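This structure is a prediction, so every number in the text was calculated from the model and none was measured.
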There are 2 protein chains.
Amino acid sequence: MHDEAAEKAETARAAAPRRRLTPAERLPQILEAALEEFSESGYGGASMAGAAARAGVAKGLIYHYFPGKAELFTAVVRSCIQPVFTEAEKLVAAHAGSNADLLRQLIGLAYRRVGEDLRDGVLFKLLLAEADRFPELADFYQREVLSRGLALVAGVVRAGIAAGEFRPDAADQPGLAAVLMAPVAMSSVWRGMLGPDRAPSPEAMCEAQVALVLNGLARPAPG
Amino acid sequence: MHDEAAEKAETARAAAPRRRLTPAERLPQILEAALEEFSESGYGGASMAGAAARAGVAKGLIYHYFPGKAELFTAVVRSCIQPVFTEAEKLVAAHAGSNADLLRQLIGLAYRRVGEDLRDGVLFKLLLAEADRFPELADFYQREVLSRGLALVAGVVRAGIAAGEFRPDAADQPGLAAVLMAPVAMSSVWRGMLGPDRAPSPEAMCEAQVALVLNGLARPAPG
DNA sequence: TCAGTTATTGACCATTCGGTCGGTAAGCAA
DNA sequence: TTGCTTACCGACCGAATGGTCAATAACTGA
C-alpha cells in the first residue's frame with residue numbers, strides 16, 4: 001500500500017537512531033503506532049509492516065511482543081477503551097447531589113470525551129466493525145463497555161426513582177439505559193466516520209439530550 | 001480464506017447448471033452474494049473470488065459488471081440502505097393523526113426494521129466502518145441516510161410544536177433530531193456486532209424510547 | 001442458418017501480506 | 001573481561017488477493 005501519511009511518519013520516526021529499549025518503553029510505541037495503522041486502514045487493511053514502520057521498528061519485533069495480528073489488535077483496543085469508564089465510575093461514586101444532576105454530569109462527561117479525542121471515536125467505530133469476527137473482542141465489548149455503561153446508567157436511574165426525582169414507571173423499562181447510552185455512542189461513531197465538521201455536533205446533542213431526558217424522566221406535574 | 005459457510009454456499013449454488021442470464025437477473029445475484037461476503041469478512045477481508053463463488057459465478061464475471069472491488073462495495077451499500085427511508089417517508093406523507101402518534105409510529109417502524117432483518121444491521125455497521133476510507137460512501141451516507149433521517153424527524157417535531165403538542169423550546173435544540181435517531185441506529189449496530197441474543201432488545205428500547213420521548217417532548221402541565 | 005454480440009469462463013500475473021528464522025548486538029551479572 | 005539473556009533486525013517464504021485477458025458458448029436479429 002502506498003500511503004503518504006504512513007510513509008512520512010515512518011521516515012520521520014525511523015530517522016531517530018534505533019536504540020535498544022526496555023519493553024515498558026517499546027510497548028507503548030508499538031501500541032500507539034498500531035492504533036494509527038488500524039484506525040486508518042481497518043483491521044483487514046492494516047499491515048504489520050505498516051505498524052512496524054510507524055513505530056520505527058522492524059516487523060519482526062512486533063512478533064517478539066505479540067503472537068500475531070489478532071492479538072495486537074485486541075491489545076490496542078483494550079488499552080484505549082478502558083479509561084473512559086473508570087473515569088465515569090469515579091464520578092458516580094464521588095457524587096453527592098441530586099440524581100438528575102448526576103445524570104446531567106454523566107452525559108456531559110461522555111459527550112465531552114467524544115468531542116475532544118477523535119481517535120477514540122475512530123477506534124470505537126473500528127471495534128464495532130470487527131467485533132463479530134473476534135469473539136474474544138465481542139465478549140470484551142459486552143463485558144467491559146456495554147454492560148458496564150448500562151449498569152452505570154441504570155443505577156443512577158434507579159436511585160433517582162427511589163429518591164422520588166424520576167417517574168416511577170421508568171423502573172419497568174429495561175431498554176431505558178440503552179436508549180440513554182445510545183446517543184453518546186452514536187455521536188462518537190458519527191464523528192469517526194464523517195469527521196468533526198459533517199457529524200452532528202456533540203455539544204448540540206448533549207444539550208438536547210439533557211433537556212429531553214430530564215423532562216422525560218421528571219414526575220408528571222400533579223393535576 | 002478457508003470459510004466453511006462460504007464453501008457450502010458455493011457448492012450448493014454452483015451445483016445448479018450455469019446458464020447465461022440477462023444482466024437484470026445476474027446483477028441481483030452478484031449483489032446478494034457480495035453483501036454476504038462483505039458482511040462476513042469486512043471490506044478488507046472480503047475477496048472477489050469469495051463473492052463470485054457465493055454467486056456461483058467465475059471471478060472474472062464480476063469485473064464484467066463492476067470496475068473493481070470498491071465499486072462493487074458501494075453498489076451493495078446503495079442497494080441496501082435506500083428502501084428503509086422511502087418507506088418511512090411514505091409513512092410520514094400518508095399520516096393524518098397527531099404528531100405524537102406519528103413519531104411513535106416512526107420509531108416503531110425503525111425498530112421493527114432493525115429487529116427483523118439482521119443483514120441490514122451488519123451492513124450498516126460495515127458502512128460505518130468503511131465510510132472514512134471511501135469519501136464517496138461517506139458523502140452518500142451523509143446525504144442519503146443521515147440528512148434524510150434528521151430532516152424527517154425534525155419535520156415531525158416542528159409540526160408537533162406548531163400544533164401545540166410539543167413543548168415549544170424543543171425548537172431551539174438543533175441536536176434533538178440526532179438524539180432521537182441515534183438509539184435506533186445504535187440498536188442496529190449493537191445487533192450487528194453482538195448478535196440478537198446479547199444485544200439490547202430492540203423491542204425494549206423501542207418501548208422505553210417512546211415513553212421517554214413522548215414525556216420529554218410533552219408540554220409541561222399547567223400549574 | 002449465419003454472423004454479430006456479449007455473458008461467462010478459468011488460467012494467469014504481479015503484488016502484498018502474515019508470519020518465520022537465523023543472526024546481531026546491547027545490556028547485565030559475575 | 002566473559003558469557004548469558006534478549007531486544008532487535010531484515011531477508012525470506014508460502015499463501016492469498018485484486019485484477020487481466022484470450023477463448024468460448026449462449027443468445028439475437030436478419
Side-chain angles (χ1 to χ4, degrees), chain A residues 1-3 6-7 10-11 13-31 33-34 37-38 40-76 130 133-134, chain B residues 1-3 6-7 10-11 13-31 33-34 37-38 40-76 130 133-134:
Chain A
M1 186 189 17
H2 184 74
D3 186 318
E7 208 170 271
E10 167 186 3
T11 55
R13 248 170 291 190
R18 299 195 171 164
R19 299 186 314 115
R20 178 194 174 101
L21 296 183
T22 174
E25 298 172 297
R26 189 63 85 192
L27 255 170
Q29 292 182 353
I30 293 181
L31 286 175
E37 177 76 8
F38 282 125
E40 281 187 20
S41 308
Y43 180 81
S47 80
M48 299 298 268
R54 284 174 200 265
V57 135
K59 191 174 66 167
L61 186 57
I62 297 191
Y63 289 92
H64 182 66
Y65 287 98
F66 299 96
K69 193 184 188 181
E71 290 81 4
L72 175 62
F73 181 69
T74 62
V76 168
E130 307 291 349
R133 231 161 322 153
F134 294 88
Chain B
M1 184 191 21
H2 183 74
D3 185 318
E7 206 171 272
E10 168 188 1
T11 55
R13 248 170 292 189
R18 299 196 171 164
R19 299 187 313 115
R20 178 195 174 100
L21 296 182
T22 174
E25 298 171 296
R26 188 64 85 191
L27 255 171
Q29 292 183 353
I30 294 180
L31 286 174
E37 178 76 9
F38 282 125
E40 282 187 19
S41 308
Y43 180 80
S47 80
M48 300 298 268
R54 283 174 201 265
V57 138
K59 191 176 66 166
L61 185 58
I62 297 191
Y63 289 91
H64 181 66
Y65 287 97
F66 300 94
K69 193 183 186 182
E71 290 81 4
L72 174 62
F73 181 69
T74 62
V76 168
E130 307 291 349
R133 232 162 321 157
F134 294 88

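Of the candidate nucleotides C:dT9, C:dA7, D:dC8, D:dC8 has the atom nearest to the side chain of A:Arg26. Set against C:dT8, C:dC17, D:dC8, the side chain of B:Leu61 has C:dT8 as its closest nucleotide.
A pairwise comparison of heavy atoms in B:Ala51 and B:Ala33 identifies O-CB, 3.5 Å as the closest pair. A pairwise comparison of heavy atoms in A:Ala24 and A:Pro28 identifies O-CD, 3.2 Å as the closest pair. Between B:Tyr63 and B:Gly68, the shortest heavy-atom distance links the atoms CE2-CA, 4.1 Å.
Classification of A:Arg20 and A:Glu25 as a salt-bridged pair fails, no side-chain N sitting under 4.0 Å from a carboxylate O.
Straight-line distance from the CZ atom of B:Phe73 to the P atom of D:dG19: 14 Å, rounded to whole Å. In this structure, B:Leu21 places its CG atom 9 Å from P of C:dT9, rounding to the nearest Å. Across the protein-nucleic acid pair, B:Ile30 atom CD1 and C:dT9 atom P stand 9 Å apart, rounded to whole Å. Atom CD of B:Glu71 and atom C1' of D:dG19 are 12 Å apart (whole Å). Following rounding to the nearest Å, B:Glu25 (CD) and C:dT6 (P) show an atom-to-atom distance of 17 Å. With rounding to whole Å, A:Lys59 atom NZ is found 20 Å from C:dG23 atom P.
Checked against side-chain contact (heavy atoms from CB on, under 4.5 Å), A:Lys69 has the following partners two or more places apart in sequence or in another chain: A:Phe38, A:Tyr43, A:Met48. A:Leu27 is linked by a side-chain contact (heavy atoms from CB on, under 4.5 Å) to A:Tyr65, A:Phe66, counting only residues two or more places apart in sequence or in another chain.
The line from NE2 of B:His64 to CD1 of B:Ile30 is 9.0 Å long, rounded to the nearest 0.5 Å. Note that CZ of B:Phe73 is 12.0 Å distant from CD of B:Glu37, once rounded to the nearest 0.5 Å.
Within a heavy-atom distance below 4.0 Å of DNA chain D, the residues of residues 62-69 of chain A found are A:His64, A:Tyr65.
The side chain of A:Arg20 places no N or O atom within less than 4.0 Å of a non-bridging phosphate oxygen (OP1 or OP2) of D:dT6.
Side-chain contact between A:Glu40 and A:Arg54 is present, with at least one heavy-atom pair separated by less than 4.5 Å.
Comparing the local axis fitted to the first five base pairs of the helix from C:dT1-D:dA30 to C:dA30-D:dT1 with the one fitted to its last five gives a bend of 10°, rounded to 10°.
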